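Everything on this sheet refers to the single structure shown next.
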Amino acid sequence: MMHMTFYWGKKVTLLFDSWRTDSWPSYGLTLLACLLFSIFYQYMEDRRIRFKLRSSQKRDANLEAPLMMRPLRIGVGPKSARFASSVLFGVNSAIGYMLMLAIMSFNGGVFVAVVLGLAIGYMVFRSGAEEVLVLENPCACA
């Protein structure tokens, strides 16, 4: 029976028919997997944003480096950078949808594990002293 409201309990079917929990140890491992998977989602999102930021920066030697230093070159061309960015976006989207489907099992423990994992992942990977801001359009008025 599929639940349509939140419930608390150790019996849950998550994402696949073969992923069922009947005991507390299997339920605990499932919650741990959800927690780790959501932390990994935040890590991959951070990598995607940083890659996009680095690959989209304009390479102006006068602005990036002192007079005698050469600017840092990333060995990725514009087409391969767009392709890699698209692949990272696709992977992140797939992970995000899998997490959403896990939450749609309506098990309270799964919900708490995913939200807690997202919060921990954000704290560890994305809330550092350096704030990364990626704008599609550099014009602030657009």
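Index from 1, following the sequence. Just so we're clear, the structure is a prediction, and the values are computed from it rather than from any experiment. Computed from heavy atoms alone, side chains included, the values below leave out hydrogens, waters and symmetry copies.
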By side chain to side chain donor-acceptor pair (under 3.5 Å), T30 pairs with (sequence neighbours left out) W19

Around F106, counting heavy atoms of other residues, nucleotides and ligands shown, do more than 12 lie under 6.0 Å from its CZ? yes

More than 12 non-hydrogen atoms from neighbouring residues, nucleotides or ligands closer than 6.0 Å to OH on Y43, yes or no? no

Contacts of L101 meeting side-chain contact (heavy atoms from CB on, under 4.5 Å) (sequence neighbours excluded), chain-then-number -> L15, M104

Margin query: Quick check: is F89 connected to M98 through a chain of hydrophobic side chains (ILVMFWY, heavy atoms under 4.5 Å apart)?
Written below: no

Taken in chain and number order and not counting sequence neighbours, the residues that satisfy side chain to side chain donor-acceptor pair (under 3.5 Å) with S23 are S26

Practice task
Give a yes or no on whether L29 and F16 share a hydrophobic cluster (residues Ile, Leu, Val, Met, Phe, Trp, Tyr; joining criterion: side-chain heavy atoms under 4.5 Å apart).
Solution key: no

One pair to check against side chain to side chain contact (heavy atoms under 4.5 Å, CB included): V110 and L31. What are the steps and the verdict? CA-CA 6 Å; V110 171; L31 295 182; 3.9 Å; yes

Applied to residues 6-17, the side-chain hydrogen bond (donor to acceptor under 3.5 Å, both in side chains) test, sequence neighbours excluded, yields none

Residue pairs meeting side-chain hydrogen bond (donor to acceptor under 3.5 Å, both in side chains), one or both in residues 95-107, sequence neighbours left out, come to Y27-N107

Across all chains, not counting sequence neighbours, the side chain to side chain donor-acceptor pair (under 3.5 Å) partners of Q42 are R126

Do other residues, nucleotides or ligands put more than 12 heavy atoms under 6.0 Å from M100 CE?
yes

Side chain to side chain contact (heavy atoms under 4.5 Å, CB included) assessment of L14 paired with C34: CA-CA 10 Å; L14 194 67; C34 290; 3.6 Å; yes

